[in-house]
Amino acid sequence: MLFHNKLITWYLQNKRHLPWRETKNPYAIWLSEIILQQTRVAQGLPYFEAFLTNYPTVQDLANAHEDEVMRLWQGLGYYSRARNLHFTAKTITHELNGVFPNNYKDLLKLKGVGEYTAAAIASIAYGEIVPVVDGNVFRVLSRIYGITSDISTATTKKEFQAKAQELISHEQPATFNQAIMDFGAIQCTPKSPQCPQCPFIQDCVAYNTNQVDKLPVKLAKTKVKKRYLDFLIFVDNDQNTYIQQRTKKDIWQKLYQFPLIDRFEQNDINVQQILTEDFKNQPVKDIVQLNTDYVIHILSHQKLHIHFWMIKCEKLARNENYEIVSWNQLNKFGFPIVIHNFINSINTK
DNA sequence: AAGGCGGGGAG
DNA sequence: CTCCCAGCCTT
């Protein structure tokens, strides 16, 4: 039996029932694909529902305030996706007359849409015969065909794209693409794949040479830098606090935070000294260190060591670098999840 | 080609 | 702990 027939047969018996599979609406499909980049279905699902509820159409998303989009994305990570999502909604609404690009080549021009996402939308929404190559496809094809190239290189990606193009069903490209991804997510998993009940067990090179746990080959290792953050949580008698938006090309761009002392070396800071230098017009009643053990927060390339401080004041003075907001209004802003969780832990005390 | 960018779940 | 998830953008 042909590869695509065997795969689709498996899919029809095992597929996951997901909301974005109930529609041909390119907006909803695009939204789902952006959310699912480097993100598990279970984690992305509630965000998909929230975005579609708050912004039923691409025009609604285009008209939204960026801060609100960022707040809705809060906790999902890789925040450039949210910024690009909003940017592209405006592009489609204002420059493309509200009409979604309907082919791979034009989809690829959209900000935040790369080869994978363009292929996914083109095939699922428009039936174009173009294969997706994501982490699942690398794993499935490397094992079945015994491909030992390092998947972290651009050359290898082309190799897999060519292989997938050769295998894709010309009659059901959308089903094929979703099938191979579900197969990777459910059956041909990274660890402990379900080989005994695999329809490709006869053909699978990796299985028949006992190399399933060695494929795919990925050589690149990301190294993690340590970083030390001290957040200053000002509170005055009116329950106001200082926050600021992160604007630099760095982690968490466009999210909000408390005043921050930030460094890559582990040297203890003198909060009193910081206050007299950077907040010299702000009388302070009391300084309380809220956690002695670091709050540890792991990012893909950084390991964050965080201390939170409470700075008690009578009344917060205006400060050009910070916004003064009421403590109970903090939920209007998108924060890094580690800060959001800390705010919640204070609120429930 | 290489590095940066989040957060969470599985094993 | 390590690995990886429906990747993309910048340098």
### Message
Given C/dC5, C/dA6, B/dG7, identify the nucleotide with an atom nearest to the side chain of A/R139.
### Response
C/dC5
### 5' priority, DNA chain B, between A/T153 and A/G75 [closest heavy atom]
A/T153
### Task
Show the numbers, then the answer: is there a ring pair (Phe, Tyr, Trp, His ring centres under 6.0 Å) between A/F200 and A/F3?
CA-CA 9 Å; A/F200 296 100; A/F3 180 93; 4.9 Å; yes
#### Entry: Atom-pair distance (CZ on A/R81; C1' on B/dG7), nearest Å
9 Å
### OG-NZ distance between A/S142 and A/K214, expressed to the nearest 0.5 angstrom
13.0 Å
### Task
Find the distance A/L107:CG to C/dG7:P and express it as a whole number of Å.
17 Å
### Task
Give the nucleotide from the list C/dT2, C/dA6, C/dT10 with an atom nearest to the side chain of A/A185.
C/dA6
### Query
When rounded to the nearest 0.5 angstrom, what distance separates CD in A/E277 from CD in A/Q272?
10.5 Å
### Query
Roughly, in whole Å, what's the span from NZ in A/K221 to P in C/dC1?
16 Å
### Query
What's the closest nucleotide to the A/D134 side chain, out of C/dC8, C/dA6, C/dC9?
C/dA6
### Message
Students often get this wrong, so: under 4.0 angstrom with heavy atoms, is A/W20 touching a base, only sugar-phosphate, or nothing?
### Response
base
### No-hydrogen, no-angle side-chain donor-acceptor test under 3.5 Å, A/R21 and A/Q178
yes
### Message
Applying a 4.0 Å non-hydrogen cut-off, can you work out what A/I35 is touching in the nucleic acid: base, sugar-phosphate, or nothing?
### Response
nothing
### Task
Round to the nearest Å and state the distance from A/I151 atom CD1 to C/dA6 atom P.
13 Å
### Query
Salt-bridged, A/R227 to A/D250, with N to O below 4.0 Å?
yes
### Summary
Between the NE2 atom in A/H65 and the NE2 atom in A/H86, the distance rounded to the nearest 0.5 Å is 9.0 Å
### Message
Taking any heavy-atom pair under 4.0 Å as a contact, classify A/I124: base, sugar-phosphate, or nothing.
### Response
nothing
### Task
Consider the side chain of A/R40, meaning its heavy atoms from C-beta on, and name the nucleotide among C/dC5, B/dG11, B/dC5 that approaches it most closely.
C/dC5
### Query
Is the shortest side-chain N/O distance from A/Q38 to OP1 or OP2 of C/dC8 below 4.0 Å?
no
### Task
Check every strand shown and say whether A/V113 touches a base, only sugar-phosphate, or nothing at a heavy-atom separation below 4.0 Å.
sugar-phosphate
### Query
So what does A/K223 touch, heavy atoms closer than 4.0 Å: a base, only the sugar-phosphate, or nothing?
nothing
### Task
Can you figure out which of C/dC9, C/dA6, B/dC5 approaches the side chain of A/N84 most closely?
C/dC9
### Query
Can you find an N or O donor on one side and an acceptor on the other, under 3.5 Å apart, linking the side chain of A/T39 with the base of C/dG7?
no
### Query
What is the nucleic acid contact for A/T117, judged by heavy atoms within less than 4.0 Å: base, sugar-phosphate only, or nothing?
sugar-phosphate
### Query
Cation over ring, A/K254 on A/Y79, under 6.0 Å and within 45°?
no
### Query
B/dG7 P sits how many Å from A/I306 CD1, rounded?
10 Å
### Message
Just the rounded figure in Å: distance from P of B/dG8 to CG of A/L45.
### Response
16 Å
### Task
Please work out if A/S80 contacts a base, only the sugar-phosphate, or nothing of the nucleic acid, heavy-atom cut-off 4.0 Å.
nothing
#### Entry: Proximal nucleotide (of C/dT2, B/dG7, B/dC5) relative to the A/Q43 side chain
B/dG7
### Task
Answer with base, sugar-phosphate or nothing: what part of the nucleic acid does A/Q253 contact at a heavy-atom distance below 4.0 Å?
nothing
### Task
Ignoring backbone atoms, establish whether A/K111 has a side-chain N or O less than 4.0 Å from OP1 or OP2 of C/dT10.
yes
### Task
Calculate the interatomic distance between A/K218 atom NZ and C/dT2 atom P; express it in whole Å.
15 Å
### Query
A/H297 or A/S152: which one's nearest nucleotide on DNA chain B is closer to the 5' end?
A/S152
### Query
When you measure from the side chain of A/H301, which nucleotide among B/dG6, B/dG4, C/dA6 comes out closest?
B/dG4
### Query
Of the candidate nucleotides B/dG11, B/dC5, C/dT11, which contains the atom at the shortest distance from the side chain of A/S192?
B/dG11
### Query
Nearest to the side chain of A/W252 - B/dG7, C/dT10, B/dC5?
B/dG7
### Task
Give a yes or no on whether a donor-acceptor pair under 3.5 Å exists between the nucleobase atoms of C/dA6, that is its base, and the side chain of A/R16.
yes
### Minimum-distance nucleotide to A/Y79 side chain [options: B/dC5, C/dA6, B/dG7]
B/dG7
#### Entry: Separation of A/Y322 OH from A/Y242 OH (nearest 0.5 Å)
9.0 Å
### Query
So what does A/D250 hit on the nucleic acid, given a heavy-atom distance under 4.0 Å: a base, only sugar-phosphate, or nothing?
sugar-phosphate
### Message
Once you apply a heavy-atom cut-off of 4.0 Å, does A/A154 come out as touching a base, just sugar-phosphate, or nothing?
### Response
sugar-phosphate
### Whole angstrom value for the distance that separates P of C/dC3 from CG of A/L299
18 Å
